[in-house]
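Source: prediction; values computed, not measured. Positions are given from 1, in the same order as the sequence printed here. When a ligand or atom number is given, it counts from 1 through the structure's own listing order.
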Amino acid sequence: MLKSGSTSVTQSSDGQLEAREQLWQAFHNAPLDDAEKERNLGLFIRSASLARMLAVSDLYREIVRLPGSVLDFGTWRGQNAVLCENLRAIFEPFNKQRRIAAFDTFAGYKSHTGDGKVANAHFQDGCYDTGNGYADYLRHLLALHEGINALPQVPGGHQVVEGDIKDTLPQFIELQRNLLVALAFFDMNLEGPTRFALEQILPRCVPGSLLVFFQLQRDFLPGEGYAYVAEILGKVRHEIKRSETYPSLCIVKLL
Ligand SMILES: C[S@@+](CC[C@H](N)C(=O)[O-])C[C@H]1O[C@@H](n2cnc3c(N)ncnc32)[C@H](O)[C@@H]1O
C-alpha cells in the first residue's frame, strides 16, 4: 500500500515507518556533538539513503573520462549536487572544469494544469517548497564543500538556478555557448518539465553521457516514463539499465 509522507510516497510498513521515526529521535538525541555526528553518519544513515548515494557514486565514476557538466533537474535540497561536488573531489580532484548546476523552483510544484499535470494526489502545489532563501543556502553549502576540497582557490563555477526550468534553462544554455553535458539527473516527476529539459539538453549531451531518471517505471509517478518514451525511445541511440543499488533509478547512456 502507498502512504504519503511529508514530501514523499512510501511503500514501507507501519513498523518500518515507526522504526524510522525512532532512528530520527536517536539522531536528534544522540550523545554526540555536531562534529562527531557528521563524522559518524554511518551510525544513522538508512540503507535506502546509502543505496542512493552509492548509485550516484557509480554514475559519477562512469563520467570521469568525459567532458561536460552535471545538471540536476529538480534538485530540491540539493543533495545530488553537493554529493557530486564531493565525488568530483574524490574521483577527479584536479578537474575544476566539471561544473555542476542545480535547478529547482525552490517553491515546490506549482500550477498543476496543462502538460505538467500530476496524476497523483500526493503531489500538490507547494509540495517540496524549501522556504525563503534556500537557493542561497545551497550556494553557500556548495561553496563550503569546494572550500574544503582540493584546489579551493580555483572557483568551480557551480550554479544554483532558481525558477521554473521552462524560464531558466533556455537562458542558462544561451549564456554558455560551449555547454556540454556529461550527466543529467531528472527528478521532477512530471512529464512536461522532464520533456522540456530533455529537448533542451539533448543537443549538448556528449556521446557516453548519462541521463538518469529516478522514477522511470513508477506507476504512481508516470511522468518521467512518458517523457522517456516520447523523447528518447526510438529517437536517440542509447543503452538503458537499472541501478544495481537503487532499484527505481534508471540510467540512459547515449551512444
Ligand atoms: C521529487 S523532488 C526532487 C528530489 C531531489 N532530487 C532529491 O534528490 O531529494 C521534485 C522537485 O522538482 C521540482 N520541480 C518540479 N517542476 C519543476 C520545474 N518546472 N522547474 C524546476 N523545478 C521543478 C520541485 O520543486 C521539487 O523540488
Inset, instruction - Sort and list the pairs that fulfil ring-ring contact (aromatic ring centres under 6.0 Å, His included) and have at least one residue in residues 45-74, not counting sequence neighbours. - result: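 Qualifying pairs: F73-F103, F73-F186.
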
Residues 148-165, side-chain donor-acceptor partners within the protein, below 3.5 Å, at least two apart:
residue	atom	partner	partner atom	Å
N149	ND2	E85	OE2	3.0
N149	ND2	N86	OD1	3.0
N149	ND2	H145	O	3.1
H158	ND1	I100	N	3.1
H158	NE2	E85	OE1	2.8
D164	OD1	K166	N	2.8

Enumerate the atoms of ligand 1 whose separation from the nearest heavy atom of [X] is less than 4.0 angstrom.
X	result
P193	19 (N)
G163	20 (N), 21 (C)
Q79	7 (C), 8 (O), 9 (O)
G108	25 (O)

Legend entry - Salt bridge K241-E62, side-chain N to carboxylate O under 4.0 Å: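 The answer is yes: the pair qualifies as a salt bridge.
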
Inset, instruction - Look at D136 together with R139 and state whether they make a salt bridge at an N to O cut-off of under 4.0 Å. - result: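 So D136 pairs with R139 through a salt bridge.
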
Inset, instruction - Determine whether the side chains of Q25 and N29 contain a donor N or O and an acceptor N or O closer than 3.5 Å. - result: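 Note: Q25 and N29 side chains meet the donor-acceptor criterion.
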
Inset, instruction - Determine whether the side chains of T130 and R77 contain a donor N or O and an acceptor N or O closer than 3.5 Å. - result: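 T130 vs R77: no donor-acceptor pair found between side chains.
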
Inset, instruction - Return yes or no for this condition: an N or O of C127 is under 3.5 Å from an N or O of ligand 1. - result: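 N/O-N/O distance under 3.5 Å: no.
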
Legend entry - Face-on cation placement of R195 at Y226 ring, 6.0 Å and 45° thresholds: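 Not flagged: R195 not positioned over aromatic ring of Y226.
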
Legend entry - Selection from D164, L221, L169, D187 by shortest heavy-atom distance to atom 10 (C) of ligand 1: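 Minimum heavy-atom distance to atom 10 (C) of ligand 1 goes to D187.
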
Inset, instruction - Only heavy atoms count here, so choose which of D129, D167, N189, T105 is nearest to atom 21 (C) of ligand 1. - result: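 Going through D129, D167, N189, T105 one by one, T105 has the nearest heavy atom to atom 21 (C) of ligand 1.
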
Inset, instruction - Answer with side chain, backbone, both or neither: which part of R77 has a heavy atom less than 4.0 angstrom from an atom of ligand 1? - result: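 Looking at R77 and ligand 1, no heavy atom falls under 4.0 Å.
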
Inset, instruction - For ligand 1, indicate whether the residue R52 contacts it via side chain, backbone, both or neither (heavy-atom separation under 4.0 Å). - result: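 Side chain only.
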
